[in-house]
Amino acid sequence: MPKVFLDTNFVVYQLDKRFPAKQRLSREMTRDLVRRGEAVISTQVLQEFYVVATSRLKVSPILAKGIMSRLGNMEVVTVTADLIGQAADVHVQSKVSFWDALVLVAAASANCEELFSEDLNDGQTICGVTVANPFDKGKR
């Protein structure tokens with residue numbers, strides 16, 4: 001079964017009422033991926049989700065923690081010192097931000113085929129992981 005890594009921006013849209021179409025699509029796609037056992041995130045995504053949810057979206061810390069707990073039911077890649085070192089290499093070699101590189105190496109470590117994200121170029125493949133912007137019209 002092909003696995004899909006969910007970047008923080010994709011996960012945050014589940015709470016972002018400013019973009020109802022993206023909110024609906026993110027919720028539906030996540031539900032389907034989880035049901036099929038194909039959704040993957042990392043400890044980095046969990047951390048970033050909490051910060052964005054509580055600061056930018058003004059979600060209560062208790063609610064954000066509850067959502068993080070449910071997100072933890074997916075396959076979760078633990079960011080290790082080795083992955084951080086790999087991300088530094090990818091950052092230099094691929095000229096992407098360090099944080100995006102860390103997401104990419106985490107996705108690769110879990111053997112994900114795709115990364116759902118708005119932060120990188122749609123269709124770009126790095127570390128064997130293809131970036132897909134699921135919000136592009138006609139993509140899904």
Side-chain angles (χ1 to χ4, degrees):
M1 85 186 113
K3 294 196 288 186
V4 178
F5 194 95
L6 309 180
D7 197 359
T8 307
N9 55 59
F10 180 80
V11 176
V12 165
Y13 276 121
Q14 294 181 39
L15 294 178
D16 199 337
K17 296 175 184 172
R18 298 172 301 168
F19 303 97
K22 289 181 178 182
Q23 182 183 44
R24 179 186 49 76
L25 188 59
S26 175
R27 287 177 176 181
E28 290 172 2
M29 293 177 80
T30 300
R31 188 177 324 117
D32 291 344
L33 289 166
V34 168
R35 189 176 303 130
R36 295 192 309 261
E38 299 173 0
V40 181
I41 59 173
S42 67
T43 52
Q44 174 194 359
V45 169
L46 288 171
Q47 293 164 339
E48 291 174 351
F49 170 83
Y50 183 84
V51 170
V52 171
T54 57
S55 62
R56 188 183 322 152
L57 299 180
K58 307 297 183 207
V59 171
S60 77
I62 298 297
L63 177 59
K65 182 180 177 192
I67 294 167
M68 281 187 352
S69 179
R70 287 194 302 277
L71 292 171
N73 291 327
M74 300 178 195
E75 180 179 343
V76 178
V77 175
T78 299
V79 173
T80 63
D82 183 56
L83 287 180
I84 292 169
Q86 291 176 43
D89 292 339
V90 170
H91 162 71
V92 171
Q93 294 164 355
S94 298
K95 307 224 182 326
V96 297
S97 79
F98 172 78
W99 302 113
D100 289 339
L102 189 55
V103 164
L104 286 159
V105 298
S109 76
N111 298 311
C112 292
E113 291 183 8
E114 281 188 305
L115 163 63
F116 282 1
S117 180
E118 288 185 310
D119 288 347
L120 295 159
N121 295 322
D122 189 60
Q124 180 179 25
T125 300
I126 301 174
C127 301
V129 179
T130 301
V131 177
N133 182 344
F135 305 117
D136 277 355
K137 295 196 185 309
K139 285 295 291 185
R140 303 265 174 232

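What you see is a predicted model; the values in this text were computed from it and never measured.
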For residues 57-72, dump all side-chain donor-acceptor pairs below 3.5 Å to protein atoms at least two apart in sequence or in another chain.
unit_1	atom_1	unit_2	atom_2	d
Lys58	NZ	Ser55	O	2.9
Ser60	OG	Leu63	N	3.1

**Message:** List the residues meeting side-chain hydrogen bond (donor to acceptor under 3.5 Å, both in side chains) with Thr125, not counting sequence neighbours, and say none if there are none.
**Reply:** Thr130
**Message:** Please check: side-chain N/O of Asn133 versus main-chain N/O of Asp122, any donor-acceptor pairing under 3.5 Å?
**Reply:** no
**Message:** Could you work out, with side-chain hydrogen bond (donor to acceptor under 3.5 Å, both in side chains) as the rule, every residue matching Asp119, not counting sequence neighbours?
**Reply:** Asn9
**Message:** Which residues pass the ring pair (Phe, Tyr, Trp, His ring centres under 6.0 Å) test with Phe49, not counting sequence neighbours?
**Reply:** none
**Request:** Using a 4.5 Å cut-off on heavy atoms from C-beta on, say whether the side chain of Phe116 contacts that of Thr30.
**Result:** no
**Message:** Please list all pairs meeting salt bridge (charged side-chain N to carboxylate O under 4.0 Å, His left out) that have one or both residues in residues 43-55, counting only residues at least two apart or in different chains.
**Reply:** none
**Request:** Determine the minimum heavy-atom distance between Cys112 and Val129, stating which atoms define it.
**Result:** O-CG2, 3.6 Å
**Request:** Sequence neighbours left out, what passes side-chain hydrogen bond (donor to acceptor under 3.5 Å, both in side chains) with Arg36? Give chain and number order.
**Result:** Glu38
**Item:** Pairwise side-chain contact, Val45 with Leu6, heavy-atom cut-off 4.5 Å (strictly under)
**Value:** no
**Asked** Would you say the side-chain atoms of Ser26 pair up with the backbone N or O of Phe10, donor to acceptor, closer than 3.5 Å?
**Response** yes
**Asked** Out of curiosity, does Val52 fall in the hydrophobic cluster containing Phe98 (side-chain heavy atoms, cut-off under 4.5 Å, transitive links)?
**Response** yes
**Item:** Nearest heavy atoms of Val77 and Ala106, plus distance in Å
**Value:** CG2-O, 3.7 Å
**Message:** Tell me if a side-chain donor or acceptor on Lys3 pairs with a main-chain N or O of Ala110 at a distance below 3.5 Å.
**Reply:** yes
**Prompt:** Counting N and O atoms only, with roles assigned by atom type, does the side chain of Thr43 sit under 3.5 Å from a partner on the main chain of Val79, one being a donor and the other an acceptor?
**Reply:** yes
**Request:** Please report the closest heavy-atom contact between His91 and Val96, naming both atoms and the distance.
**Result:** ND1-O, 2.7 Å
**Euclidean distance, Thr8 OG1 relative to Gln44 CD, rounded to 0.5 Å** = 6.0 Å
**Request:** Identify, with sequence neighbours excluded, every residue that meets salt bridge (charged side-chain N to carboxylate O under 4.0 Å, His left out) alongside Arg24.
**Result:** Glu28
**Asked** Restricting to pairs with a member in residues 9-20, which pass salt bridge (charged side-chain N to carboxylate O under 4.0 Å, His left out), not counting sequence neighbours?
**Response** Asp16-Arg18
**Request:** Side-chain contact test, heavy atoms from C-beta onward, threshold under 4.5 Å: evaluate it for Ile126 versus Val131 and give yes or no.
**Result:** no
**Prompt:** Are Val92 and Trp99 in one and the same hydrophobic cluster, where Ile, Leu, Val, Met, Phe, Trp and Tyr link if side-chain heavy atoms are under 4.5 Å apart?
**Reply:** no
**Asked** What pairs of residues pass the salt bridge (charged side-chain N to carboxylate O under 4.0 Å, His left out) test when at least one of them lies in residues 80-102, not counting sequence neighbours?
**Response** none
**Item:** Separation of Met29 CE from Lys22 NZ (nearest 0.5 Å)
**Value:** 13.0 Å
**Message:** Do Leu83 and Ser109 have side chains that approach each other closer than 4.5 Å (heavy atoms only, starting at C-beta)?
**Reply:** yes
**Request:** List for me each residue that meets side-chain hydrogen bond (donor to acceptor under 3.5 Å, both in side chains) alongside Asp32, sequence neighbours excluded, and say none if there are none.
**Result:** Arg35
**Item:** Under 3.5 Å: donor-acceptor pair, side chain of Gln14, backbone of Gln23
**Value:** no
**Asked** Which atom names give the shortest non-hydrogen contact between Glu118 and Phe135, and what distance separates them?
**Response** OE2-CD1, 3.6 Å
**Item:** Phe19: partners by ring pair (Phe, Tyr, Trp, His ring centres under 6.0 Å), with sequence neighbours left out
**Value:** Tyr13
**Complete:** Residues at least two apart in sequence or cross-chain that pass salt bridge (charged side-chain N to carboxylate O under 4.0 Å, His left out) with Glu113, listed by chain then number, are none
**Prompt:** Which heavy atom of Ser42 sits nearest a heavy atom of Val76, and at what distance?
**Reply:** C-CG1, 4.0 Å
**Prompt:** Is Leu46 close to Ile41 at the side-chain level, that is, under 4.5 Å between some pair of heavy atoms?
**Reply:** yes
**Item:** CG-OG distance between Leu104 and Ser97, expressed to the nearest 0.5 angstrom
**Value:** 8.5 Å
**Atom of Ser117, atom of Asp7 and distance for their closest heavy-atom approach** = OG-OD2, 2.7 Å
